[in-house]
Amino acid sequence: MDVSPILDPLNEAQRQAVTAAPGATLVLAGAGSGKTRVLVHRIAWVCHVEHVSPYGVLAVTFTNKAAAEMRSRVEALLDVSSAGMWVGTFHGLSHRLLRVHWRDAELPETFQILDSEDQYRLLRRVIKGMELDEAKWPPKQVQWYINARKDEGLRAQHLMNNGDHTERQYAQIYSAYEEACERAGLVDFAELLLRTLELLRKCPDVINHYRNRFHYILVDEFQDTNALQYAWLREFCGDQVPLFAVGDDDQSIYGWRGARVENINHFMRDFPGAQFYRLEQNYRSTRTILTAANGLIEHNSARMGKSLWTRDAEGEPILLYAAYNEQDEARFVADKVIDWVRRGHRRSEVAVLYRSNAQSRVFEEVFMTQGIPYRVYGGLRFFERAEIKDTLAYLRLIANPADDPSFERVVNLPTRGIGERTMAILRAHAKDYAISLWEAAAQLAAAKELTTRAAKALTHFQSLVVQVAREVEELPLHDQVARVIERTGLKSHYGREPGEKGQTRIDNLAELVNAARGFNFNPELHGDMSCTDAFLAHAALEAGEGQGASWEDCAQLMTLHSAKGLEFPLVIIVGLEQGLFPHKMSLQELGRLEEERRLCYVGITRAREQVVLSYAETRRQYGADGYNPPSQFIGELPAELITQVRPRVQVRPPLYRGVDTCKRMTVDFGLKIGQRVAHATFGEGVVLDCEGAGSHARVQVNFESAGSKWLVLEYAKLEAL
DNA sequence: GCGACATTGTTTTTT
DNA sequence: ACAATGTCGC
C-alpha cells in the first residue's frame, strides 16, 4: 500500500501524530498548524495501514460545517464514499443513535427536537403553569440553569433535595419541564446527548454493539467539550477503543457555555500512557502576527504551553488606530477596506471582528453610505425565522398531535378566534388529566364546556389539521410543505402583512418548499424515520446560514467568536477598549479575563497578512457616552510590532455637555471633551470627561503613554493642542 | 384582536 | 439609544 499521499503533505510533527501507534492520542494543535489535516490524514492512516474499515471510524465535531468539511476531505483523500462513515456533530450523532434505539431510550418513535427558542417558549409555559412569577424566575435564566445541569449530566431528580430554596425551585421547574417534554415527545439539544449517554450506560447490548463497531474515535476542537460530551466520548471508548483528540487550549473561548479545557488534562489522566503531540508550525500568518499572538497569550497563566512559529516572512507591522468615537472608527475601517481593494485585493479577504453583535451597526451604516458591500455573520438563521417555524409547527402537529408547543404556536395562527381565555381552560384541563392540549381540545369541544364560539373555533382548527394531514399523507415532502402553507392559511396571513415584510416572508416560505425539495432523505443516515421527521430534525439540527451565501464580493463582519476556525488576509479587530474587550463582565475573575485574552488571540491568529487594531476614545453605549481606556491587550502586545496610525484631520464634531464644568473648561482653559492636550510630565492625550466646578474642576485625560488620569484643572497646566 | 404606550435588558453561540 | 417584549384600552 502506497502511503505517500497520506504522509507526503505533512511536516514532521504532523506525521508523527498521524502515524502514532494505536492508542489514545492527544494532539495540541496551534492555530493554523494543520489541525484538520492531521485529523483527516489520521483517518486515512488507520484505514489504510491498520486496515480499519471506514465504517469503523467515528469522528465527532461541534459544528455541521466542520463535519461537512471533514467528510469531504476524507473522501478526497481516501477516494471512497464517506456515506457509511460516522462523521458528525455530537448532536447529530446522538440523534441518529436515538432514532435507532428509541425504544431503549424510552422515547416515542416520532420524537421531535426542540431548538433553543422552542425550549424557551415551553419553559415559559411551564413556569406560568406552576403559577410562578416570571420576574422572579426568569425563563432565560431557568433555561440556562437546566442546560447547564444537563451538560453536567444532572437530572432534576438529582437536584430536588439540594441547595437553598431558590435552587430547589429551579429544580422543581426543571422537573416540570422534563415532564412536559416527556408528554409531548420532545427532546432539547442537551437532552440528545444526555439521553444517549444514559442509553449507553443502561443498555449493555447497545454499548457493546458500538464498541465492537467503532475501532477508532476522533474528536475535533477537544478544548470545547463540556463534561457531558467528554463522558459521551469516554462511554464510546470504554477501555478498548482509542480516542484521538485534537484541540488547542489557547483557543478555548467557550468556557462560559460549559466547555471545560480541563478535559485536556483529564485526558492524560483518564487514558494513562496516552501519546501527546504538539503542532506549533503555523502555515497561515506572517512572523509579525505570530510574534504578536505569542506575546499576548503568554500573559495567560493556565496554559499547556505552546509557541507558534513560521517560515514565512516578517510581514507588515500591526497597525493601531485610536479613533475619537465609534463613527470615526468605522470610517477608518471603511477607508482600510477601500484601500485594500484599491491595491488589487478582494473585499471578502477583509474581516472586521468585534466583541459583541451590537457593534456591527455602526459599521453597517458607514459601509452602506460608502457603498462597500458587506456581509454580517450571525443573527437569525433560515430555519429560525418565525414564518418557517410556524410552518414546521403545523408539520410537527400533523406528525404528532401531542406536540403541545407546536399546538400553542399555531392554534391561533392565522387568528381563528382562539384566545387567551380558551387556551387557559384548555391548559387547565390538559394539566388536570395529564393529557395533551390536542386531546383536551377534543374533549372540551365535545363536552360542551366551552362557549359555542370557542368550541366551534377549536373544532375547526382540529379538523383542518386532520384534513391537511390526510391530504398530505401520500405526497412527496416538498408538496406536503407547500400544501401546509396553502391550506393552513399561513400564506394569505403573511401576504396581508404590509410592506416589504410580508413579501419577504412569502419568499422565505417559497424557499422552504425549495429546501424541502432539495432535502436528501438518506436511509443510511435516517434509518426508518419518515422523510418528514428527517426533514424536521434537519431543520432543528442545521438551522442553516444567517444569510444566503452572497455571490458578491463582500467585506466580512462578525464577532470574534464566530471567526474561530476561519482565516482572512486582513483582519481588523475593533473596539479594543477596556470594558468592551475585554468585556466588563469578565474583568472580575482572572479565569474569565484569560478567556477574553484567548479570544483576542483567536482574532489575531485569523490573519494571514495583516492585523489592524482600533479603539474609540469615546463610545455611545446604551444611549450614553462612555469613555473606555484602551484595552489592556494592546499593551500586552510587543510594542515594537505596532505602528500607531495618526488621525488624518480632526473629523469628529466636538461634543458638548450641558454642565458648568464644560462651559468653564471651554471658556477658561480652551478645552473640550475630545480635545487633544499636552501635559508637562504625561505627554499628549485626549480629554475624556470632566466633573466638578471652580477650583475643584477636574478632567479625565487619556494619555498616550501614561494611560488615563484625572487631573485638577487649576494645577495641571494642560496645554490645548 | 389590534394598535398605542410602558417596561426591560442589552457578551460571546452551536446544536 | 433601542429593540423587543408586555399591558391596556377599544
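As a basis for the values below, the full set of heavy atoms in this structure was taken, side chains included, without hydrogen atoms, waters or symmetry mates. These figures come from a predicted structure and were not determined experimentally. Labels below follow one simple rule: chain letters A, B, ... track the order of the sequence lines, proteins then strands, and each chain is numbered from 1.
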Figure out the CD/P separation between A:Q143 and B:dT15, and round it to whole Å.
16 Å
Give me the one residue out of A:T605, A:T63, A:D224 that meets side-chain hydrogen bond (donor to acceptor under 3.5 Å, both in side chains) with A:K564.
A:D224
For B:dT12 and C:dT5, measure between their P atoms and round to the nearest Å.
16 Å
Whole-Å distance, A:N412 CG to B:dG1 P, equals 5 Å
On the ring face of A:Y145, is A:R149 found with NZ or CZ under 6.0 Å from the centre and within 45° of the axis?
yes
Select base, sugar-phosphate, or nothing to describe what A:R124 touches, counting heavy atoms under 4.0 Å on all strands.
sugar-phosphate
Regarding A:F581, tell me which of base, sugar-phosphate or nothing describes its non-hydrogen contacts under 4.0 Å with the strands shown.
nothing
Over how many whole Å does the gap from A:K140 atom NZ to B:dT10 atom P extend?
9 Å
Between C:dA1 atom P and A:Q359 atom CD, what is the distance in whole Å?
19 Å
How close or far is atom P of B:dT15 from atom CD of A:Q112, stated in whole angstroms?
19 Å
What nucleotide among B:dT14, C:dA3, B:dC2 has an atom nearest to a side-chain atom of A:T415?
B:dC2
Taking the six-membered ring for Trp, does A:H583 stack with B:dT11 (centroid gap under 5.5 Å, planes within less than 30°)?
yes
Of A:A540 and A:I253, whose nearest nucleotide on DNA chain B comes first from the 5' end?
A:I253
Side chain of A:R620: nearest nucleotide among C:dA3, B:dT15, C:dA1?
C:dA1
Here the distance between atom C1' of B:dT14 and atom CD of A:Q251, to the nearest Å, is 17 Å
Taking atom C1' in both C:dC2 and B:dT13, what distance in whole Å separates the two?
23 Å
Minimum-distance nucleotide to A:N357 side chain [options: B:dT15, B:dT11, B:dT13]
B:dT13
So what does A:D188 hit on the nucleic acid, given a heavy-atom distance under 4.0 Å: a base, only sugar-phosphate, or nothing?
nothing
For B:dG1, take OP1 and OP2 only and decide whether either is under 4.0 Å from a side-chain N or O of A:R416.
no
When you get a sec, tell me which of B:dT12, B:dT11, B:dT15 is the closest nucleotide to the side chain of A:E384?
B:dT15
Using a cut-off of less than 4.0 Å, is there contact between a side-chain N or O of A:R361 and OP1 or OP2 of C:dC2?
yes
Are A:Q251 and A:Q223 linked by a side-chain donor-acceptor pair shorter than 3.5 Å?
no
Kindly say whether the aromatic ring centers of A:F111 and A:W102 come within a distance under 6.0 Å.
no
I need the OH-C1' distance between A:Y377 and B:dT13, as an integer number of Å.
16 Å
Here the distance between atom P of B:dT12 and atom NE2 of A:H561, to the nearest Å, is 9 Å
Taking the nucleotide of DNA chain B with the closest heavy atom to each, which residue, A:A543 or A:S356, is nearer the 5' end?
A:S356
Output field: ring centroids A:F407/A:F461 closer than 6.0 Å
yes
Polar side-chain contact A:R592-B:dT11 base: donor and acceptor under 3.5 Å:
yes
What about A:S116, does its side chain sit under 3.5 Å from the base of B:dT15 through a donor-acceptor pair?
yes
Can A:W256 be said to stack with the base of B:dT11, given centres closer than 5.5 angstrom and planes under 30 degrees apart?
no
Please find the pair of heavy atoms, one from A:A156 and one from A:E178, that lie closest to each other, and give the distance.
CB-OE1, 3.4 Å
Looking at the side chain of A:Y622, which of B:dT12, B:dT15, C:dA1 is the nearest nucleotide?
C:dA1
Heavy atoms of other groups near A:K584 NZ, more than 12 under 6.0 Å
yes
Using a cut-off of strictly less than 4.0 Å, decide whether A:N64 has a side-chain nitrogen or oxygen near OP1 or OP2 of B:dT14.
no
